[in-house]
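Working notes for the structure below.
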Amino acid sequence: MNPFYHRIYKVVRHIPKGRVATYGLVARLAGRPGAARTVGWALSALPDDSDVPWWRVLNAAGRISLSGADHNSVLQRALLLREGVKFAPGGAVNLATFGWPAEAYDSAPAAHTRAASSRRSRRLKGLRT
DNA sequence: GCCATGACGTTCC
DNA sequence: GGGAACGCCATGG
């Protein structure tokens, strides 16, 4: 397994209970800024018996990136609620409150839900046209 | 080795 | 505030 993955997992394991981190932040802490997609890839490859709290990793919008239809998304939401993480109306977590490390979000509000838009819509649009 | 895809992010319009 | 576009890194075909 690549060192990046190991770093990613290690970082995720370091996320305290009841706190959440973003893919981009994990990627940065893992030593690969901008490799947020890779973080998601690494987490998707996690075995069920893994000790990595993947559910504590959310996107920059503080939302669960998984499809609502995905079983894991439900599991993730449940696990976070169990740890005391509260979801604001709309299914978003207040990163300023539950974000880890806190200092990372102090300067970076990560305010907008722009990330949710993403480039997927482009592809979808292409198909529709 | 090149092309396409994906649990993402940031900037521009 | 919402939508579209581009970039980033790693994997699979």
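Computed from a prediction, not measured in an experiment: that's the story for all the values here. Proteins get letters first, then strands, A, B, ... in listed order; numbering begins at 1 in each.
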Name each donor-acceptor pair under 3.5 Å that joins a side chain in residues 28-35 of chain A to protein atoms two or more places apart or in another chain, with its distance.
none

Length of the line joining [X]:[atom1] and [N]:[atom2], which is rounded to integer Å:
X	N	atom1	atom2	result
A:L80	B:dA7	CG	C1'	13 Å
A:L79	B:dA7	CG	P	19 Å
A:R56	B:dA7	CZ	P	23 Å
A:W54	B:dC8	CH2	C1'	17 Å
A:R28	B:dC8	CZ	P	17 Å
A:L95	B:dC8	CG	P	14 Å
A:R7	C:dA10	CZ	P	13 Å
A:L29	B:dC8	CG	C1'	15 Å

Walk me through whether A:W54 and A:Q76 qualify under side-chain hydrogen bond (donor to acceptor under 3.5 Å, both in side chains).
CA-CA 8 Å; A:W54 56 267; A:Q76 181 170 17; over 6 Å; no
So if I take every side-chain heavy atom of [X] and compare against [options], which nucleotide ends up nearest?
X	options	value
A:L43	B:dA7, C:dA10, C:dC8	B:dA7
A:A36	B:dG6, B:dG9, B:dA7	B:dG9
A:Y23	B:dG6, B:dG9, C:dA10	B:dG9
A:N59	C:dA10, B:dG9, B:dA7	B:dG9

Partners of [X] by side chain to side chain donor-acceptor pair (under 3.5 Å), sequence neighbours excluded?
X	value
A:S44	none
A:D70	none
A:S73	none

Just checking A:S65: base, sugar-phosphate only, or nothing, at a heavy-atom cut-off of under 4.0 Å?
sugar-phosphate
Test of understanding: with salt bridge (charged side-chain N to carboxylate O under 4.0 Å, His left out), list the residues that count as partners of A:D51, not counting sequence neighbours.
A:R13
Any salt bridge linking A:E83 with A:R56? Criterion: basic side-chain nitrogen under 4.0 Å from a carboxylate oxygen.
yes
What does the list of N/O pairs under 3.5 Å between the protein and nucleotides 11-13 of chain C look like, with a distance for each?
{"unit_1": "C:dT11", "atom_1": "OP1", "unit_2": "A:N2", "atom_2": "ND2", "d": "2.9"}

